[in-house]
Amino acid sequence: MTSRPRIFSGIRASGDKTLGNYSGGFRQYVATQEHGDAFICIVDLHSITTAYEPEGLREATLSLAALLFATGLDPERSTVFAQSHVAAHAEAAWLLSAVTSFGELRRMTQFKDKSEQQEFISAGLFTYPVLMAGDILLYQAALVPVGDDQRQHIELARDVAERFNQRYGDTFTIPEGVIPDEGARIKNLQEPERLMSTTAGAPQGVVRMIDRPDVVRKKFKTAVTDSGSEIRHAPEEKPGISNLIEIMSVATGDPIASIESRYDGGGYGRFKDDVAEAVVALLEPIQQRYESLRDDPGELRRLLTVGADKARATSEPTLRAMYDRMGFVTPGAAGSA
Ligand code: AMP
Ligand code: TRP
């Protein structure tokens, strides 16, 4: 095969993006554009499933676009767009809800976790994985780069695709999740048993991609470590240090084993300082590009419009095939047969 694989991923336009998002998301998006045609979708329709402010959503959507380009997504090669600009996503979610069962959705751990944090549990929070399945399937994506927390959602998207293909005829490529071996679950620096996330856990343990260098340094200085003093990657036994080793590996590209041997016997204090410096060095150039992009919202809107046009043209044939195979009458010009 000479054709490049189709790659799709989505990222929510909400909250501040973290080092976890960088590791499981951004870093992978940029790497995959070397190997295939990447569609990276700012999933603003997903953002409304939990409490949010309309003005905040608008702001977060443009900020996220700036951050995606700042981390190295190249608009010439990759298609970056907002989900709400391509109506096919909302339509596909409705059509696919016919081949997704209540029982499947009820088993989703993200729904269980997030619904516990909400006062108002929206129907959209429950059907969220159907929208996500549609995102992926509309593009006939073969590969879906994500962090480990999305494993179950990807599995559901595959099941939904197989069920649709069986019931209505071969329509969808069965997608595969691409989850990095290292850094797929970056933990909160204060609570290394918990995923790093802006929606839960100690804020002091959450490193945001737009945190200033002094803030980053302070967060690493106060990171919890484990008993003993060995710098060794053993997530069960030494969750704090193992997390820091993974972060070091993500920030520098060095393999875990070489980090372990470099810091062998060096002590926790120096290691924490070095991880902080590696993260500062990673984030500083991203932040500089981010700020100049963010200063030009007109250009960001233009880039998103170009992306949406490409995404619309790419997803349209699949959406038409879905309607057709499901038995809907094709709309035609008046008088045509
Ligand atoms: P979200 O901001 O929730 O849309 O997540 C965007 C991407 O970041 C998804 O692929 C997630 O799996 C990934 N991600 C989120 N948190 C983490 C984390 N703590 N470690 C690794 N990947 C993460
Ligand atoms: N559910 C994903 C998350 O919370 C975001 C997402 C939406 C996504 N649609 C997607 C990820 C399609 C990959 C592919 O992070």
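Order of appearance sets the numbers: ligands from 1, and atoms from 1 within every ligand. This chain uses plain numbering: 1 for the first residue, then up along the sequence.
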Trainee: Hey, is ligand 2 close enough to Y128 that some N/O pair sits below 3.5 Å?
Mentor: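 Yes: some nitrogen or oxygen of Y128 is under 3.5 Å from one in ligand 2.
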Trainee: Going by distance only, is there an N or O of S9 that falls short of 3.5 Å from an N or O of ligand 2?
Mentor: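 Such a contact does not occur with ligand 2.
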Trainee: Measure from every N or O atom of ligand 1 to the protein's N or O atoms and keep only the pairs below 3.5 Å, writing each with atom names and distance to 0.1 Å.
Mentor:
from: ligand 1; atom 1: 2 (O); to: K17; atom 2: NZ; distance (Å): 2.6
from: ligand 1; atom 1: 2 (O); to: N21; atom 2: ND2; distance (Å): 3.1
from: ligand 1; atom 1: 3 (O); to: R12; atom 2: NE; distance (Å): 3.2
from: ligand 1; atom 1: 3 (O); to: R12; atom 2: NH2; distance (Å): 2.7
from: ligand 1; atom 1: 4 (O); to: R12; atom 2: N; distance (Å): 2.8
from: ligand 1; atom 1: 5 (O); to: N21; atom 2: ND2; distance (Å): 3.2
from: ligand 1; atom 1: 8 (O); to: N21; atom 2: ND2; distance (Å): 3.1
from: ligand 1; atom 1: 10 (O); to: G147; atom 2: N; distance (Å): 3.1
from: ligand 1; atom 1: 12 (O); to: G147; atom 2: N; distance (Å): 2.9
from: ligand 1; atom 1: 12 (O); to: D149; atom 2: OD1; distance (Å): 2.4
from: ligand 1; atom 1: 19 (N); to: I186; atom 2: O; distance (Å): 2.9
from: ligand 1; atom 1: 19 (N); to: M196; atom 2: O; distance (Å): 3.1
from: ligand 1; atom 1: 20 (N); to: I186; atom 2: N; distance (Å): 2.9
from: ligand 1; atom 1: 22 (N); to: G20; atom 2: O; distance (Å): 3.0

Trainee: Considering non-hydrogen atoms of the protein only, which is the closest contact for atom 9 (N) of ligand 2, and what is the distance?
Mentor: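 Its nearest protein heavy-atom neighbour is D135 OD2, 2.7 Å.
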Trainee: E59 vs R294, test: salt bridge (charged side-chain N to carboxylate O under 4.0 Å, His left out). Steps then yes/no.
Mentor: CA-CA 10 Å; E59 166 67 30; R294 196 64 196 87; 3.0 Å; yes
Trainee: Can you name the nearest heavy-atom pair linking S23 to P180, along with the distance?
Mentor: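 Shortest heavy-atom contact: O-CG, 4.3 Å.
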Trainee: Over 60° means perpendicular and under 30° means parallel, so tell me whether Y168 and F164 are parallel, tilted or perpendicular.
Mentor: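 Correct class here is tilted.
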Trainee: So if I count the atoms of ligand 2 from 1 in the order they appear, which ones are less than 4.0 Å from some heavy atom of V43?
Mentor: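 Listed by number with element, the hits are 7 (C), 9 (N).
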Trainee: At what distance is the nearest protein heavy atom to atom 10 (C) of ligand 2, and which residue and atom is it?
Mentor: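 For atom 10 (C) of ligand 2, the nearest protein heavy atom comes out as M132 CG, 3.5 Å.
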Trainee: Which is it for V144 and ligand 2 at heavy atoms under 4.0 Å: side chain, backbone, both or neither?
Mentor: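 Only the side chain of V144 comes within reach of ligand 2.
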Trainee: Q140 and side chain to side chain donor-acceptor pair (under 3.5 Å): which partner among T171, T314, T173?
Mentor: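 For Q140, the side chain to side chain donor-acceptor pair (under 3.5 Å) test succeeds with only one of T171, T314, T173, which is T173.
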Trainee: In ligand 2, which numbered atoms sit nearer than 4.0 Å to a non-hydrogen atom of H46?
Mentor: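 In order of number, 7 (C), 9 (N).
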Trainee: Do the side chains of Q150 and Q110 get nearer than 4.5 Å, heavy atoms only?
Mentor: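 A side-chain contact exists here, since the closest heavy-atom pair is under 4.5 Å.
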Trainee: Atom 3 (C) of ligand 2: which protein heavy atom is closest, and how many Å away?
Mentor: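 For atom 3 (C) of ligand 2, the nearest protein heavy atom comes out as Q150 NE2, 3.2 Å.
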Trainee: Under a 4.0 Å heavy-atom limit, does I136 contact ligand 2 with its side chain, its backbone, both, or neither?
Mentor: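 Within the 4.0 Å criterion, I136 contacts ligand 2 through side-chain atoms alone.
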Trainee: Evaluate whether atom CD of E53 has more than 12 neighbouring non-hydrogen atoms of other residues, nucleotides or ligands under 6.0 angstrom away.
Mentor: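 No, not enclosed.
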Trainee: Using a strict cut-off of 4.0 Å, indicate which atoms of ligand 2 neighbour a heavy atom of R12.
Mentor: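 Reading through ligand 2 atom by atom, the close ones are 4 (O).
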Trainee: What is the closest protein heavy atom to atom 5 (C) of ligand 2, and at what distance does it sit?
Mentor: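 Answer for atom 5 (C) of ligand 2: G10 O, 3.6 Å.
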Trainee: Does R301 have more than 12 heavy atoms from other residues, nucleotides or ligands lying within 6.0 Å of its CZ?
Mentor: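 No.
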Trainee: Specify whether F81 and H89 have parallel, tilted or perpendicular ring planes, treating 30° as the upper limit for parallel and 60° as the lower limit for perpendicular.
Mentor: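 Tilted, since the angle between the ring planes falls between 30° and 60°.
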Trainee: Is it the case that atom CG in D181 sees more than 12 heavy atoms from other parts of the structure closer than 6.0 Å?
Mentor: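 No, not enclosed.
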Trainee: Heavy atom under 4.0 Å from ligand 2: found in L131's side chain, backbone, both, or neither?
Mentor: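 None of L131 does.
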Trainee: Looking at Q166, I'd like to know if its CD atom is crowded, meaning that more than 12 non-hydrogen atoms belonging to other residues, nucleotides or ligands lie closer than 6.0 Å.
Mentor: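 Atom CD in Q166 is not packed in, count stays at 12 or less.
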Trainee: Which word best sums up how the rings of H153 and Y128 line up, parallel for under 30°, tilted for 30 to 60°, or perpendicular for over 60°?
Mentor: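 If you compare the ring of H153 with that of Y128, the planes turn out tilted.
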Trainee: Fit a plane to each ring of F111 and F126, take the angle between them on a 0 to 90° scale, and name the class: parallel (under 30°), tilted (30 to 60°) or perpendicular (over 60°).
Mentor: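 Answer is perpendicular, since the angle exceeds 60°.
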